[in-house]
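Worksheet: one structure, shown below.
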Amino acid sequence: MSGATPQTGPLRHFLQFRDLSRTEIQYVLDRTRLIKNKFKRYEPHHTLHDRNLAMVFEKASTRTRVSFEAGMYQLGGSVIHLTTGDSQLGRAEPIEDTARVISRMVDVIMIRTFEQTRIERFAAHSRVPVINGLTNEFHPCQILADIFTFIEHQGPIEGKTVAWIGDSNNMAYTWLQAAEILGFNLHVSAPAGYQLDAKRIGTPAPSVLQEFADPMEACRGAHLVTTDVWTSMGYEAENEERRHAFADWCVDAEMMAVADPSAIFMHCLPAHRGEEVTGDVIDGPQSVVWDEAENRLHVQKALMEFLLLGRIA
Ligand code: CP
Ligand code: NVA
């Protein structure tokens, strides 16, 4: 017996992007299209009727909280929201005990936390699917939404080029996993000292990856230019030092001009205009950041359905 409702298949988690195979990602993206279309037509889609989602936030959030919470209600289920401060996690209850307890009471759990090992420990003691809502190492739900958004605007992503400009953070490493699974090229440009860690990406580096010292070169010919904050949550102590190091890694109109003429711009948000991106780019005609944010809702509904129900014929 697992959680509030018996699982219909083997227990699956989504702790990093590669936890889903290429065909499973394709299924989730196809299902997202159907769910989004129904949402736009105001058609009910209650495939998770009476199911309960627990969300555990150990870091701040706007999009992740609202998209998971609204999404679960739209699927006919309900939601419990926990933070470190208002739960016993803030009083040092072990993460393993928290997982054992919550997963006997709900059907699916989303966590936003610090180290990837923390969510892995949680999942190892959970009886129900666990979803990564962001860790220091990965942000897989965001990349699912970004890929769905890319396909909506640019068509199939296979063989295309994505340029990542800025910090080698949770988003960058998740883009790399996606590029390997889905077969697109990833150009990365980060300042010295903030480049991808060879120990994490392996040697030789994946063939889909090309690293550039000059961000302009990384953008050349790209179908998507994307970036993120210079300082991620949990690294605030490095803020000043990063502001100096990243000064030339601001996505601006010149970088967009060397990208493919059809290129779009994405940012997972929240954004800092004048730091990692100029206002004219993020608020300009090539930017799809609001579609990208909205698509978190639709992909996560498809993801929760898949983890709980498997493929729906
Ligand atoms: N992009 C994203 O995950 O946003 P939040 O931090 O607001 O959830
Ligand atoms: N890289 C950022 C993403 C925020 C959604 C962070 O981890 O803070």
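One-based numbering, in listed order, for ligands and for the atoms of each. Only a predicted model underlies this, so the values are computations on that prediction, with no experimental measurement involved.
For the pair R112 and ligand 2, the shortest N or O to N or O distance does not fall below 3.5 Å. For C268, a nitrogen or oxygen atom sits less than 3.5 Å from a nitrogen or oxygen atom of ligand 1, counting backbone and side chain alike.
For atom 4 (C) of ligand 2, the closest non-hydrogen atom on the protein side is L134 CD1, 3.8 Å. Taking atom 6 (O) of ligand 1 as the reference point, the nearest protein heavy-atom neighbour is R112 NH1, 2.8 Å. Closest to atom 7 (O) of ligand 2, if we only count protein heavy atoms, is N170 ND2, 2.8 Å. Shortest contact from atom 3 (C) of ligand 2 to any protein heavy atom: D228 OD2, 3.6 Å. At the top of the distance list for atom 4 (O) of ligand 1, counting protein heavy atoms only, stands R63 NE, 2.8 Å.
Residue-ligand proximity: R65 is placed with every non-hydrogen atom at 4.0 Å or more from ligand 1. Put simply, part of R296 is less than 4.0 Å from ligand 1, judged by heavy atoms. The closest approach between a heavy atom of L269 and any atom of ligand 1 is below 4.0 Å. For L269, the heavy-atom gap to ligand 2 drops under 4.0 angstrom.
Close approach of ligand 2 to M233 (heavy-atom distance below 4.0 Å) involves ligand atoms 6 (C), 7 (O), 8 (O). Shown in contact with T62 at under 4.0 Å from a heavy atom are these atoms of ligand 1, numbered in order with element: 5 (P), 7 (O), 8 (O).
Under 4.0 Å from ligand 2, not a single heavy atom of N136 appears.
Aromatic ring centres of Y173 and F138: separated by at least 6.0 Å. With ring centers used as reference points, F57 lies under 6.0 Å from H81.
Considering R31, R18, R12 in turn, R12 is the only one that fulfils the salt bridge (charged side-chain N to carboxylate O under 4.0 Å, His left out) rule with E24.
Cation-pi check for K160 over F150 is not met; the charged atom does not lie both under 6.0 angstrom from the ring centroid and within 45 degrees of its normal.
Of all heavy-atom pairs between C219 and A163, the closest is CA-CB, 4.0 Å.
A donor atom on one side chain and an acceptor atom on the other are not found under 3.5 Å apart for T278 and D252.
Side chains of T135 and E115 form no contact here, defined as non-hydrogen atoms less than 4.5 Å apart.
Ion pair E276/R242 not flagged as a salt bridge, since none of the NZ, NE, NH1 or NH2 atoms sits closer than 4.0 Å to an Asp/Glu carboxylate oxygen.
Using a 30° and 60° split on the angle between ring planes, W175 and F184 fall in the perpendicular class, above 60°.
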